[in-house]
**Student:** 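Shown below is the structure under consideration.
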Amino acid sequence: MRAGRWMICSILVCPLQAMAQAPVLSSGAIAPGQIEIRVGIDPAVVVSLGYSHRVTAVDDPRAARLGAEIEVPTTVFSHGAWRASLVSSIGWTASGHWGVRGTARWYVAHNRNRAGAMTGVGVAFRGRPGWYGHRSGVALDLGWQSTLATYIQNSAAVDSTFTQRHRDAALSRGPRDGWYGSTANRFRIGLTGSHGVGHDIDLSLSIGSVFALQKQGVLVGFDLGQVPFYLETSASIGVR
Amino acid sequence: MHDDCNSRSKHCVPLFAKFRTRFARLASIMLLTGLQSGCRLPDTEAPGALVPPTADQDARLPQLQVTVLGKTRALHLETFGVSSAPPLFVLPGGPGSDYRLLLPLRALSDRYFVVMWDPRGAGLSERVPARELTIDGFNAEISAVKAALAPGRSVTLIGHSFGGDVVARYTATHQDSVAQAVLVEPGPFTEEGRAHYHGGDLDYSTVEDFFWQNQILTSSDHAAADYKAATALADANRTFTCDGHIPEDPIWRFGVFAHHVLTHTGHAPGPQFDWAAGIRTFTKGILVVAGTCGAASEAFQREYNLPELRNARLTVVDGAGHMSLFTGYQDATIRAMKAFLTQYQKEAK
């Protein structure tokens with residue numbers, strides 16, 4: 001019963017559960033504090049800065065961490081674009097050097113442009129099953145991101161698109177400001193590699209495809225914001 | 001909460017276990033609540049939520065049901081003037097744009113039966129699958145509207161931008177059905193013109209914003225895609241202005257999926273495709289109207305499009321851009337058309 005409850009929780013929360021052996025990670029990964037700097041293309045050019053703290057003992061094989069992160073694209077100043085997240089991560093190995101690291105980000109994201117302003121709340125799960133050695137590792141990079149609810153406040157420019165449609169002006173009601181559900185869903189599949197440098201630094205590189213499922217059935221289409229490619233580099237710095 | 005996990009104390013395990021349990025429960029509740037809430041909240045595709053509904057979603061819109069390529073679709077369509085007057089059809093650009101920008105041309109309804117509509121997949125007309133969005137489909141659509149509203153009669157055609165290309169092709173292939181043709185800054189007819197055409201280019205900030213929005217709003221349905229495209233479209237229209245500023249051009253809705261299919265898939269014109277092929281044998285009169293600013297202006301028309309037309313008259317509206325031909329310079333544009341259109345010439349005589 002307890003194992004079943006835990007399995008359900010681990011699927012939902014990705015993944016917080018007790019497993020067998022620790023992945024053999026670099027020293028930086030087991031430092032109490034960790035600063036992570038990421039630069040990526042998804043396909044927006046984004047930079048993120050985060051801090052996490054280990055919540056398990058040094059000798060605990062799960063190496064669980066909790067932290068926070070801020071991510072911004074290059075339009076952070078012109079469009080007020082940002083994403084703030086609470087982050088949890090954990091890792092485990094089934095046997096030998098094969099294991100998985102999982103990360104969950106609970107986020108609030110914001111953007112403002114000519115159409116108006118939108119603020120969304122969502123969650124992004126990322127799992128990296130693979131081989132983790134003493135200093136380096138290589139893994140699949142699998143992810144799902146869902147913005148569960150978004151508040152949209154439309155601009156006067158969008159309001160104007162609703163006018164002059166009917167001979168009877170009273171029929172032309174404007175757009176709806178308010179909450180919308182499940183406004184973004186993206187999937188990620190790629191490869192990631194990491195390598196320890198020095199005593200407290202891990203460097204990683206990830207590359208692959210990030211895409212949204214579209215009812216129109218378009219997998220590659222600039223006009224529809226679908227350029228299914230991502231590239232990400234990161235540096236994790238242990239803080240003692 | 002005391003954290004002794006930095007030590008090797010055995011007390012760390014129960015502490016973490018409690019925290020883990022509480023966090024897992026809280027996170028599970030939040031996720032389930034979020035998923036449930038997301039399911040109950042309005043969908044972006046709900047008609048009229050973010051973008052105006054299409055004709056098939058709003059029966060109160062002026063519209064016409066036409067059958068094209070075997071499918072009956074709802075066209076957002078308006079008529080002006082008396083139906084007994086000579087018919088004049090107005091086609092918008094894009095592909096994907098609506099006819100709102102071209103509404104000033106209803107002034108021609110004093111001599112003509114003016115018909116304006118949004119093509120299938122564009123503006124407020126019904127959204128259709130990719131297989132129905134073909135170049136030949138435009139000809140079939142014009143013929144269907146003609147059969148419904150002006151059967152057996154020659155029509156005058158006015159096309160703006162991409163609509164000018166469509167008019168050129170229909171005129172070339174249905175010469176007996178066309179009385180006169182007016183092309184307002186048509187898009188490039190040939191591959192050579194397409195290679196030198198830079199209308200609609202976006203700047204970096206707009207592209208970055210467009211992709212960043214995927215964090216919050218993906219183009220997962222027609223409504224979300226058209227909503228996001230509206231912002232990019234405004235920036236793209238800078239390339240058609242004299243001063244490079246974003247114009248406030250009137251629009252209802254841009255059909256971005258239709259634009260994508262007709263410009264970036266196998267349905268787009270191929271390298272050898274010429275919109276004006278065969279038009280040189282049309283002798284009943286072609287007018288090209290162009291402004292002096294922007295990517296499709298007089299200079300472009302003279303170099304790439306006019307050589308493809310025989311005996312076409314060019315009228316230049318000084319100071320006008322691609323869109324402002326119908327906003328700030330609409331009077332001059334309409335005067336240029338009236339100086340050419342037969343019904344006004346008859347009146348003048």
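Order of the sequence lines sets the chain letters (A, B, ...), proteins ahead of strands, with each chain counted from 1. The shown structure was predicted, so the numbers you read here are calculated from the model rather than taken from an experiment.
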**Student:** Tell me, side chain or backbone of A/T74 under 4.5 Å from chain B's heavy atoms, or both, or neither?
**Tutor:**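 Looking at A/T74, backbone and side chain both touch chain B.
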**Student:** Would a distance-only check, ignoring hydrogens and angles, find a side-chain to backbone donor-acceptor pair under 3.5 Å from B/D209 to A/T75?
**Tutor:**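 No, B/D209 side chain to A/T75 backbone: no donor-acceptor pair under 3.5 Å.
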**Student:** Could you give the distance from CZ (A/F211) to CG (B/N214), rounded to the nearest 0.5 Å?
**Tutor:**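 Those atoms lie 13.0 Å apart.
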**Student:** What part of B/R127 gets within 4.5 angstrom of chain A, counting heavy atoms only: side chain, backbone, both, or neither?
**Tutor:** neither
**Student:** Is the backbone N or O of B/D221 less than 3.5 Å from a side-chain atom of A/Q216, with the two atoms forming a donor-acceptor pair by type?
**Tutor:** yes
**Student:** Restricting to non-hydrogen atoms, name the atom on A/G225 and the atom on B/S219 that form the minimum distance, rounded to 0.1 Å.
**Tutor:** N-OG, 4.4 Å
**Student:** Which bit of A/V121 comes within less than 4.5 Å of chain B, counting heavy atoms only: side chain, backbone, both or neither?
**Tutor:**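 It is neither, since no heavy atom gets under 4.5 Å.
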**Student:** Say you draw a straight line from CD of B/E248 to OG of A/S160; how long is it, rounded to the nearest 0.5 Å?
**Tutor:**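 Between atom CD of B/E248 and atom OG of A/S160 there are 7.5 Å.
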**Student:** To the nearest 0.5 angstrom, please state how far the CG atom of B/L41 sits from the OH atom of A/Y151.
**Tutor:** 12.0 Å
**Student:** Return the option, out of A/S78, A/A157, A/A115, with the maximum number of heavy-atom pairs under 4.5 Å with chain B.
**Tutor:** A/A115
**Student:** Run the side-chain contact (heavy atoms from CB on, under 4.5 Å) test on B/Q215 and A/E71 for me, step by step, so that the C-alpha distance in whole Å, both residues' side-chain angles and the decisive distance to 0.1 Å come before the verdict.
**Tutor:** CA-CA 11 Å; B/Q215 294 278 349; A/E71 179 176 294; 3.4 Å; yes
**Student:** Does any backbone or side-chain atom of A/D177 lie under 4.5 Å from a heavy atom of chain B? Answer side chain, backbone, both or neither.
**Tutor:** neither
**Student:** Name the member of A/L224, A/V227, A/V220 that forms the most heavy-atom pairs with chain B at distances under 4.5 Å.
**Tutor:** A/L224
**Student:** Side chain, backbone, both or neither: which part of A/A81 has a non-hydrogen atom closer than 4.5 Å to chain B?
**Tutor:** both
**Student:** Against chain A, label B/A230 side chain, backbone, both or neither, depending on which of its atoms sit under 4.5 Å from a heavy atom there.
**Tutor:** backbone
**Student:** By a 4.5 Å heavy-atom criterion (distance strictly below it), what part of B/H260 contacts chain A: side chain, backbone, both, or neither?
**Tutor:**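 It is both, since atoms from each part get that close.
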**Student:** Can you classify the ring geometry of A/F222 versus B/F211 as parallel (below 30°), tilted (30 to 60°) or perpendicular (above 60°)?
**Tutor:** perpendicular
**Student:** Against chain A, work out which of B/R253, B/K228, B/H222 has the most heavy-atom pairs shorter than 4.5 Å and name it.
**Tutor:** B/H222
**Student:** What I'd like to find out is whether the side chain of B/Y227 reaches to under 4.5 Å of the side chain of A/N154, using heavy atoms alone.
**Tutor:**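 B/Y227 reaches A/N154 side chain to side chain.
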**Student:** Does a side-chain N-to-carboxylate-O contact under 4.0 Å join B/E78 and A/R165?
**Tutor:**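 Looking at A/R165 together with B/E78, the answer is no, because their closest N to O distance does not fall below 4.0 Å.
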**Student:** Please report the closest heavy-atom contact between B/T218 and A/A184, naming both atoms and the distance.
**Tutor:**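 Between these two residues, the closest heavy atoms are OG1-CA, 3.4 Å.
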**Student:** Give the minimum heavy-atom separation between A/T161 and B/P52, together with the two atoms involved.
**Tutor:**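 Closest approach of A/T161 to B/P52: O-CG, 3.2 Å.
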**Student:** Would the distance check show the side chain of B/W212 and the main-chain N or O of A/V45 forming a donor-acceptor pair, the cut-off being under 3.5 Å?
**Tutor:**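 Pair absent, no side-chain N/O of B/W212 close to backbone of A/V45.
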**Student:** Given side chains that start at C-beta, do those of A/K215 and B/E45 come closer than 4.5 Å, heavy atoms only?
**Tutor:** yes
**Student:** Please round to the nearest 0.5 Å and tell me the distance separating atom CG of B/L50 and atom CD1 of A/I152.
**Tutor:**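 Between atom CG of B/L50 and atom CD1 of A/I152 there are 4.5 Å.
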**Student:** Could you have a look at A/V46, A/T150, A/N113 and say which one has the most heavy-atom pairs with chain B under 4.5 angstrom?
**Tutor:**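 That would be A/N113.
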**Student:** Do A/Y180 and B/L217 come within less than 4.5 Å of each other through their side chains, counting heavy atoms only?
**Tutor:** no
**Student:** Under 4.5 Å heavy-atom distance to chain B, tell me which part of A/L213 shows up: side chain, backbone, both or neither.
**Tutor:** backbone
**Student:** Heavy-atom pairs under 4.5 Å with chain B - which of A/Q164, A/Q145, A/M118, A/Q226 has more of them than the others?
**Tutor:**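 Greatest number of close heavy-atom pairs with chain B: A/Q164.
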**Student:** Count the heavy atoms belonging to other residues, nucleotides or ligands that lie under 6.0 Å from OH of B/Y204, then report whether that count exceeds 12.
**Tutor:**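 More than 12 within 6.0 Å, yes.
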**Student:** Does any heavy atom of chain B fall under 4.5 Å from the side chain of A/R83, the backbone, both, or neither of them?
**Tutor:**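 Both parts, backbone and side chain.
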**Student:** Working to the nearest 0.5 angstrom, can you tell me the gap between A/N111 CG and B/T231 OG1?
**Tutor:** 9.0 Å
**Student:** To the nearest 0.5 Å, tell me how far A/D223 CG sits from B/H259 NE2.
**Tutor:**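 Here the rounded value is 6.0 Å.
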**Student:** After noting the C-alpha distance and the side-chain angles of B/T206 and A/R114, does the key distance pass the side-chain hydrogen bond (donor to acceptor under 3.5 Å, both in side chains) rule?
**Tutor:** CA-CA 10 Å; B/T206 300; A/R114 186 176 178 274; over 6 Å; no
**Student:** Given heavy-atom pairs under 4.5 angstrom as the criterion, report whether the side chain, backbone, both or neither of B/V51 touches chain A.
**Tutor:**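 Only the backbone of B/V51 comes within 4.5 Å of chain A.
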**Student:** Can you tell me which of A/G178, A/P43, A/A124, A/G122 forms the most heavy-atom pairs within a distance under 4.5 Å of chain B?
**Tutor:**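 Of the candidates given, the most pairs with chain B belong to A/P43.
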**Student:** With respect to chain B, which residue among A/G116, A/G120, A/A109, A/S155 yields the maximal number of heavy-atom pairs within a distance under 4.5 Å?
**Tutor:**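 The residue among A/G116, A/G120, A/A109, A/S155 with the greatest pair count is A/A109.
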**Student:** Strictly distance-based, threshold 3.5 Å: is any side-chain N or O of B/W252 a donor or acceptor partner for the main-chain N or O of A/T163?
**Tutor:**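 Yes, B/W252 side chain to A/T163 backbone: donor-acceptor pair under 3.5 Å.
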